[in-house]
Amino acid sequence: LSAITSCLPADIDGSGVVGFDDLNILLASFGDQQSCHIADISGDGSVDFLDMNLLLASLGQACD
């Protein structure tokens, strides 16, 4: 997946809202260890529990 620009880091799909589509992308990518992975919200090089926690904390938020 390529990078999508959004006002919210956890808005993985770039829809403007952190929702279940973003969670599904994260879960499908869970455990991946690639640099610059779109679901690596924390930027630490892996898609893991930290990214899931960040997404869940932002669930339902929308860009203004």
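The backbone N or O of Gly45 sits less than 3.5 Å from a side-chain atom of Asp40, completing a donor-acceptor pair. Looking at Asp51, its side chain does come within 3.5 Å of a backbone N or O of Asp48 through a donor-acceptor pair.
The CG atom of Leu26 sits 5.5 Å away from the CD1 atom of Ile41 when rounded to the nearest 0.5 Å. Atom OG of Ser46 is separated from atom CD of Gln34 by 11.0 Å, given to the nearest 0.5 angstrom.
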May I have the list of side-chain donor-acceptor pairs in residues 56-64 shorter than 3.5 Å, sequence neighbours left out?
unit_1	atom_1	unit_2	atom_2	d
Ser58	OG	Leu54	O	3.1

Sequence neighbours left out, cut at 3.5 Å: what donor-acceptor pairs do the side chains of residues 16-24 make with other protein atoms?
unit_1	atom_1	unit_2	atom_2	d
Asp22	OD1	Ile12	N	2.9
Asp22	OD1	Asp13	N	2.8
Asp22	OD2	Gly19	N	2.8
Asn24	ND2	Phe20	O	3.3

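Between Cys7 and Pro9 the shortest heavy-atom distance is O-CD, 4.1 Å. Closest non-hydrogen pair, Ser42 versus Leu50, comes out as CB-CD2, 3.5 Å.
For the ring-ring contact (aromatic ring centres under 6.0 Å, His included) test, residues two or more places apart in sequence or in another chain that qualify with Phe49 are Phe30.
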